[in-house]
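Here the structure is laid out as structure tokens; the discussion comes afterwards.
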Protein chains: 2
Amino acid sequence: MARSKEFDMNLVLHKAMEVFGHYGYEGTSLPILLEGLGIARQSLYDTYGTKKDLFIKAVKHYVNEKSSAVVVYLEKSESVKEAIHAIFREIVFVLQDEDRRKECFILYSAIDQVPHEPEIAALFEEDRNRLERAFYEALVRAKHNQELSTDQDLQALARYLYHSRYTLTQVAKLTNDPKVLEEITTVTLSMLEA
Amino acid sequence: MARSKEFDMNLVLHKAMEVFGHYGYEGTSLPILLEGLGIARQSLYDTYGTKKDLFIKAVKHYVNEKSSAVVVYLEKSESVKEAIHAIFREIVFVLQDEDRRKECFILYSAIDQVPHEPEIAALFEEDRNRLERAFYEALVRAKHNQELSTDQDLQALARYLYHSRYTLTQVAKLTNDPKVLEEITTVTLSMLEA
DNA sequence: CCATTTTCGGACTAATTAGTCTAGAATGTC
DNA sequence: GACATTCTAGACTAATTAGTCCGAAAATGG
């Protein structure tokens, strides 16, 4: 028999998120990428394919992981409002952590590639459909429960929530003040109290 | 005497916004940039300096131009609410126009460079201070006029408005549907009716 | 110990990068 | 028409780019 694979796929993908998030897709050179991943050049090509392949893998992993958690929250929670608050609390919390925030910025780099990489564009279209539906259904449920009393268009509100979550990483790029993220989130979610 | 300058600085800067906005700063190669600008290589270096110099000039021009208009709106308008609506209507309108939207995306590329280019970071810090103050003072005025009846923290609301305007370009990157921008803006500004 | 596979490191290529230089054509003022 | 300046086009450099190839070291299970 032979030597067994020793790369932890998950770990490497998370490191890739950090590197791509920090330098952007085009801004990440092979040497920088390899140093960030801690593996040799040949190992990258053997195991993950080209730089673009790895980028797409990392983006898919990030988006799917986060979005799945959001869907679970929305579907399982007793209180829809509390679920939504928890979802935003989570992303704000991560963005406030000096270390954990790093990988979030791959989202920004990924959106940057939407016009140039059809696979990335398709990924976000699917993600948007999935999450907008999840938000919408949760909002409908909350309305029926009388948990929600707003008379807003729930479809529009769902879209608003979907994009608001993602735009927090842009806000985080513009300021390091953790308070700002909280303030903005507070205002954003006050929408649910109308 | 001699031949006179023939480049229209404004025109070239706007073309630069479109190119950098489309390809991103790192994604824009010299050949692509020159073709987009419609000038020769040497003319670029003679007139605008390096690629980075031109990028920074274009970003500054874009941000200052747009933000100055916002400040004017906020200071001169009779109705603060109407001014804010007009400000958002304007950006949504531009983002809906197939041609005019192109240059808006330099904002996205610029924010991408905030962690790497101190001059860009300083520009946004100044811009944020200026606009948050302008929004805040307008909101205070509206509150005194009884035009605004919300009991939100006006400082937080000002920050929210500042970032909401900028995040619209991220939304525009994710979808071409012009209706989405309107919907999201409607929800965003419904905040003022609380 | 052996066979197999993984990993590594460095050499290598071909293309592309930003930026400089040069020579000449175009343009405007006197 | 003479002169100063701008603009262009292309050659050129030195560095960097992504990706391939090769040989040896390391590790694993039989």
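Chain letters run A, B, ... following the sequence lines, proteins first and then strands; every chain starts at 1.
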**B:Glu82-B:Ser77 side chain donor-acceptor pair, cut-off 3.5 Å** = no
**Complete:** Residues pairing under side chain to side chain donor-acceptor pair (under 3.5 Å) where one sits in residues 15-38 of chain B, two or more places apart or in two chains, turn out to be B:Glu26-B:Gln113
**Message:** Please determine whether a side-chain nitrogen of the Lys or Arg among B:Glu119 and B:Lys57 lies less than 4.0 Å from a carboxylate oxygen of the Asp or Glu.
**Reply:** no
**Request:** Among D:dA9, C:dG19, C:dC8, find the nucleotide with the atom closest to the side chain of B:Gln42.
**Result:** D:dA9
**Asked** Under 4.0 angstrom, heavy atoms only, what part of the nucleic acid is A:Asp46 near: base, sugar-phosphate, or nothing?
**Response** base
**Fill in**
Between NZ of A:Lys52 and C1' of D:dT17 the distance, given in whole Å, is 15 Å
**Message:** By nearest atom, which of the nucleotides C:dT7, C:dA18, D:dT17 is closest to the B:Lys51 side chain?
**Reply:** C:dA18
**Atom pair distance, as rounded to whole Å: CG in A:Leu30 and P in D:dT20** = 10 Å
**B:Glu183: which of A:His163, A:Arg159, A:Gln155 passes side-chain hydrogen bond (donor to acceptor under 3.5 Å, both in side chains)** = A:Arg159
**Prompt:** To the nearest Å, how far apart are A:Met9 CE and C:dT6 C1'?
**Reply:** 15 Å
**Asked** Which one, D:dG19, C:dC21, C:dG19, comes nearest to the side chain of B:Thr50?
**Response** C:dG19
**Request:** Test for a donor-acceptor pair under 3.5 Å between the base of C:dG10 and the side chain of A:Arg41, counting only N and O atoms.
**Result:** no
**Item:** Sugar-phosphate, base or nothing in reach of A:Ser29, heavy atoms under 4.0 Å
**Value:** sugar-phosphate
